[in-house]
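Okay, structure first, notes after.
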Amino acid sequence: MPATAQDLPVQGQKRIYFPYPMDRGWQHSIGFTATTMNRDITEEAHFRIPAIDWNVLRKIGGKFYLNGRVNAQVLQNLVALSPRWATPLSDRISLALGNDVAYWFGRINIAGIRTRGHGVQNYPNLSLGYRFNKRILLTLRAESIMNLNVRTYAGETEVESTYKLFSGSAYSVFLEQPFAGSKSMTLGFRAMYTNYLWQTWTLFENYDRNLFFPQVIVGLIL
C-alpha cells in the first residue's frame, strides 16, 4: 500500500539527528542550544548559556555519512566532526553508531581578566530512531563523554588540573517534523551527567562527582 502524505517514508523527510542512511548529498540546519549550569558550581546563580548551533551532514556512501557541527558563543566555541554509520532495522525503526570528535576553545579578556583554554573531547554514541505517522521522527541517543585533553591558562600561567578520561555520559531525545514550506524543525533535550563540562572551563576547577547539566536544542532544517 503506498504511503500517504501523512506517512511518508524516511527517504522523503529532512532530518539531522534521525539515524538513517542519507538519500541526498548534503543536509544542514541552524538553531541554538541553551545549557543550564548546575548550582553546585555557580552557587546561588542558576543561569543558562545560549549558543548558536549549526549542523551539516555530508553523505559519504552506502550507510556512512559525516556530521559537522559548530556550537558558537563568541567567548567560547566548539567544533566537532562525527563519522556515522546508520542502518534500518525495519520500516519504522533504525539505528546508528557514531563517534563525535570535538575541539573547544575560549578566550576572555575583559576588565583586566585574561584567561584562555582549549581541549579535545570524544563522544562515542548510539542512536535509535522510530518513525511515527504524521511525519514525526523520534531519536533516542546515548553518549559517553571523554576528555582527551584540557589546557587552561590564567594570563600566561597554565593552570594544572587533573581530569578523568571518562568523565560521564549524556542521554538525548530529539523530535523532527515538517515546520514551514520545505523546511523541518528539530526540538531536543540532552541530559548530561559529568564531572567535567567544557563550558565551565573558566572556573579552573574540576568537581569530584557527576553533576546534572540539562540542555535544550532547537534547530531549523533547511
> When you look at L197 and M192, which way does the side-chain contact (heavy atoms from CB on, under 4.5 Å) test go after all the steps?
Replying inline: CA-CA 9 Å; L197 180 69; M192 293 174 282; 3.9 Å; yes
>> If you apply the rule side-chain contact (heavy atoms from CB on, under 4.5 Å), what do you find for E176 with M185, and how did you get there?
In response: CA-CA 6 Å; E176 296 172 292; M185 174 70 75; over 6 Å; no
> Taking all non-hydrogen atoms of both residues, which atom of T139 and which atom of F18 are closest, and how far apart?
Replying inline: OG1-CA, 3.1 Å
>> Under the side chain to side chain contact (heavy atoms under 4.5 Å, CB included) test against P124, which residue among N99, D100, L97 passes?
In response: N99
> Under the 6.0 Å and 45° cation-pi test, does R190 pair with Y123?
Replying inline: yes
> In the single-linkage hydrophobic clustering (I, L, V, M, F, W, Y; side-chain heavy atoms under 4.5 Å), do L57 and Y17 co-cluster?
Replying inline: yes
> Do F174 and V56 share a hydrophobic cluster (ILVMFWY, side-chain heavy atoms under 4.5 Å, transitive)?
Replying inline: no
> For N149 and N147, does a side-chain donor sit closer than 3.5 Å to a side-chain acceptor?
Replying inline: no
> With the 4.5 Å side-chain cut-off for hydrophobic clustering, are I16 and I136 part of the same group?
Replying inline: no
>> Let me check something: do I221 and F179 share a hydrophobic cluster, defined by ILVMFWY side-chain heavy atoms less than 4.5 Å apart, either directly or through other members?
In response: no
> Got P83 and F64 here, is their nearest side-chain heavy-atom distance under 4.5 Å?
Replying inline: no
> Does T152 reach the side chain of T115, with side-chain heavy atoms less than 4.5 Å apart?
Replying inline: no
>> Side chains of N125 and R84 only: does a donor on one sit below 3.5 Å from an acceptor on the other?
In response: yes
>> Strictly distance-based, threshold 3.5 Å: is any side-chain N or O of T194 a donor or acceptor partner for the main-chain N or O of S167?
In response: yes
> If two hydrophobic side chains count as joined below 4.5 Å and joins carry through other members, does W26 share a cluster with L220?
Replying inline: yes
> Closest approach of P21 and G62, non-hydrogen atoms and distance?
Replying inline: CB-O, 4.1 Å
>> Minimum heavy-atom separation for V10 and R15, please, with both atom names.
In response: O-NH1, 3.0 Å
> Are the side chain of Q27 and the backbone N or O of L222 linked by a donor-acceptor pair below 3.5 Å?
Replying inline: yes
> In terms of side-chain geometry, is the basic nitrogen of R114 or E156 positioned less than 4.0 Å from the acidic oxygen of its partner?
Replying inline: yes
>> If we count only N and O atoms by modelled type, under 3.5 Å, do the side chains of Q215 and T35 hold a donor and an acceptor together?
In response: yes
> Is there a donor-acceptor contact under 3.5 Å from the side chain of S94 to the main chain of P19?
Replying inline: yes
> Which heavy-atom pair separates N38 from F212 by the least distance, and what is that distance?
Replying inline: ND2-O, 3.1 Å
> So, N133 versus R92: side-chain donor-acceptor pair below 3.5 Å or not?
Replying inline: yes
> Is any side-chain heavy atom of Q121 closer than 4.5 Å to a side-chain heavy atom of W198?
Replying inline: yes
>> Test of understanding: with side-chain hydrogen bond (donor to acceptor under 3.5 Å, both in side chains), list the residues that count as partners of K63, not counting sequence neighbours.
In response: T87
> Once the angle between the rings of Y196 and W104 is folded into 0 to 90°, is it parallel (under 30°), tilted (30 to 60°) or perpendicular (over 60°)?
Replying inline: tilted
>> So that I can tick it off, tell me whether D23 and K14 are bridged by a salt bridge, with the cut-off set at under 4.0 angstrom between side-chain N and carboxylate O.
In response: no
>> Between R141 and S127, do the side chains contain a donor N or O and an acceptor N or O under 3.5 Å apart?
In response: yes
>> Testing the basics here: between Y65 and K59, what is the closest heavy-atom pair and its distance to 0.1 Å?
In response: CB-CA, 4.0 Å
> Of all heavy-atom pairs between N71 and A51, which one has the smallest distance, and what is that distance?
Replying inline: OD1-CB, 3.5 Å
